[in-house]
Amino acid sequence: MDFLELARNRYSERSFAQTPLEEEKLYKILEAGRIAPTACNNQPQRFYVLKSKEALAKAAGLTYTYNAAVVILVCYVNAEAWHSPFDGFCSGDMDASIAASSMMFEAENVGIHTIWLRGFDAAKVQDAFDLPSGTVPSLMLALGYPTEKSKPHKLHGQREPMEEFVIEL
Ligand SMILES: Cc1cc2nc3c(=O)[nH]c(=O)nc-3n(C[C@H](O)[C@H](O)[C@H](O)COP(=O)(O)O)c2cc1C
């Protein structure tokens with residue numbers, strides 16, 4: 001499939017089936033995150049795969065996960081992220097987001113739906129999963145197969161016209 005068609009087809013899934021994800025598909029999704037570009041190739045991203053009932057219940061207590069079959073908690077190790085000598089900018093969230101975007105589109109490519117989640121308190125997530133100090137939760141990517149109730153939210157269709165985004169200088 002053409003990439004733009006894949007990108008147009010993707011929408012945030014809010015009705016996941018309880019069907020488990022095939023290991024090969026999950027591996028491909030994680031591989032897309034592994035090979036993503038990072039600032040200075042520092043590779044600070046970490047993927048905590050929440051698959052067990054207990055881990056998924058914990059995630060659902062921290063943000064609304066829509067009953068996803070798998071949740072990937074995408075973090076970055078602050079000490080490994082690039083810190084700009086120019087202005088102190090930390091690339092961690094950007095590196096994590098590029099990895100997560102790659103995983104989101106690979107998921108779509110193998111027929112798995114996703115939703116990006118950031119409606120949580122990072123300190124509580126850190127605590128709940130006992131993350132090492134300096135490992136920062138960036139987002140959760142919830143994954144699974146759709147149900148018969150699945151459909152794009154009305155916001156999915158609402159995008160500003162190109163002129164709003166593109167400014168030629
Ligand atoms: C950074 C970010 C954070 C988000 N956090 C949440 C969230 O916590 N809960 C939720 O239901 N959707 C969340 N979303 C999904 C957005 O609401 C959704 O992408 C947007 O409305 C556009 O819809 P679409 O993805 O179907 O095109 C998030 C998306 C992004 C990119």
Side-chain angles (χ1 to χ4, degrees), residues 1-19 21 25-26 28-30 32-34 36-39 44-51 55-78 81-82 89-129 131 135-166:
M1 192 191 290
D2 167 63
F3 180 75
L4 206 46
E5 198 184 334
L6 184 93
R8 284 207 177 97
N9 284 347
R10 181 219 59 85
Y11 68 86
S12 292
E13 184 57 69
R14 291 186 171 87
S15 172
F16 287 107
Q18 288 315 287
T19 322
L21 255 65
K25 288 193 177 182
L26 184 57
K28 282 178 135 188
I29 292 164
L30 292 165
R34 185 185 75 85
T38 55
Q45 70 272 41
R46 296 291 185 278
F47 311 132
Y48 291 84
V49 180
L50 316 179
K51 284 200 292 193
L56 289 169
K58 247 185 217 180
L62 294 156
T63 188
Y64 204 82
T65 60
Y66 304 95
N67 265 323
V70 173
V71 174
I72 303 176
L73 168 60
V74 183
C75 300
Y76 67 89
V77 178
N78 187 52
W82 179 67
F89 164 78
C90 169
S91 71
D93 270 319
M94 209 177 259
D95 293 328
S97 294
I98 295 169
S101 296
S102 299
M103 292 195 285
M104 184 175 77
F105 288 115
E106 177 54 18
E108 183 73 26
N109 189 43
V110 297
I112 303 292
H113 287 202
T114 60
I115 185 166
W116 189 298
L117 303 168
R118 186 51 185 86
F120 57 73
D121 178 329
K124 287 186 181 163
V125 172
Q126 169 121 33
D127 204 41
F129 294 107
L131 301 179
T135 294
V136 184
S138 188
L139 65 119
M140 294 188 203
L141 191 66
L143 303 105
Y145 284 101
T147 67
E148 66 288 347
K149 283 199 219 133
S150 292
K151 60 172 176 17
H153 187 274
K154 62 179 186 309
L155 289 178
H156 175 69
Q158 291 177 20
R159 295 294 196 268
E160 299 299 325
M162 192 70 91
E163 308 84 78
E164 283 297 315
F165 297 117
V166 182

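Both counts, for ligands and for their atoms, begin at 1 and track the order of listing. For the numbers below, each heavy atom of this structure counts, side chains included, while hydrogens, waters and symmetry mates do not.
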Where is the nearest protein heavy atom to [atom]: which residue, which atom, and how far?
{"atom": "atom 28 (C) of ligand 1", "result": "Trp116 O, 3.2 Å"}
{"atom": "atom 16 (C) of ligand 1", "result": "Arg14 NH2, 4.0 Å"}
{"atom": "atom 5 (N) of ligand 1", "result": "Arg118 N, 3.1 Å"}
{"atom": "atom 9 (N) of ligand 1", "result": "Leu117 CD2, 3.5 Å"}
{"atom": "atom 18 (C) of ligand 1", "result": "Ser12 OG, 3.4 Å"}

For the [atom1] atom of [X] and the [atom2] atom of [Y], what is their distance to the nearest 0.5 Å?
{"X": "Phe47", "Y": "Leu73", "atom1": "CZ", "atom2": "CG", "answer": "11.0 Å"}
{"X": "Leu4", "Y": "Leu6", "atom1": "CG", "atom2": "CG", "answer": "9.5 Å"}
{"X": "Tyr145", "Y": "Ser15", "atom1": "OH", "atom2": "OG", "answer": "15.5 Å"}
{"X": "His113", "Y": "Phe16", "atom1": "NE2", "atom2": "CZ", "answer": "8.5 Å"}

Test side chain to side chain contact (heavy atoms under 4.5 Å, CB included) on Asn9 and Glu108; report intermediate values, then the result. CA-CA 8 Å; Asn9 284 347; Glu108 183 73 26; 3.8 Å; yes
query: Counting heavy atoms only, which part of Lys151 comes closer than 4.0 Å to ligand 1: side chain, backbone, both or neither?
result: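 Under 4.0 Å from ligand 1, Lys151 contributes no heavy atoms.
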- Minimum heavy-atom distance Asp95-Ala39, with the two atoms named: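 Taking Asp95 first and Ala39 second, the nearest heavy atoms are OD1-N, 2.9 Å.
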Numbering the atoms of ligand 1 from 1, which are under 4.0 Å from a heavy atom of [X]?
{"X": "Tyr11", "answer": "26 (O)"}
{"X": "Leu155", "answer": "21 (O)"}
{"X": "Tyr66", "answer": "10 (C), 11 (O)"}
{"X": "Gly119", "answer": "8 (O)"}
{"X": "Ile115", "answer": "10 (C), 11 (O), 12 (N)"}

Measuring from the heavy atoms of Arg10, does anything fall under 4.0 Å of ligand 1?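 Arg10: in contact with ligand 1 (<4.0 Å).
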Can a non-hydrogen atom of Arg8 be found less than 4.0 Å from any atom of ligand 1?
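Under 4.0 Å: no for Arg8.
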Just by distance, with hydrogens left out, do Thr38 and Gln45 show a side-chain donor and acceptor under 3.5 Å apart? no
Between Leu30 and Met103, does a side chain to side chain contact (heavy atoms under 4.5 Å, CB included) hold up when you go through it step by step? CA-CA 6 Å; Leu30 292 165; Met103 292 195 285; 4.2 Å; yes
*asked:* One pair to check against side chain to side chain contact (heavy atoms under 4.5 Å, CB included): Leu131 and Cys75. What are the steps and the verdict?
replied: CA-CA 9 Å; Leu131 301 179; Cys75 300; 3.9 Å; yes
- Lys NZ or Arg CZ of Arg46 over Tyr48 ring: under 6.0 Å, within 45°: no
Might you check, step by step, whether the distance between atom 20 (C) of ligand 1 and some protein heavy atom is under 4.0 Å? no
*asked:* Heavy atom to atom 27 (O) of ligand 1, shortest distance: which of Glu13, His156, Gln158 holds it?
replied: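 Looking at heavy atoms only, the winner is His156.
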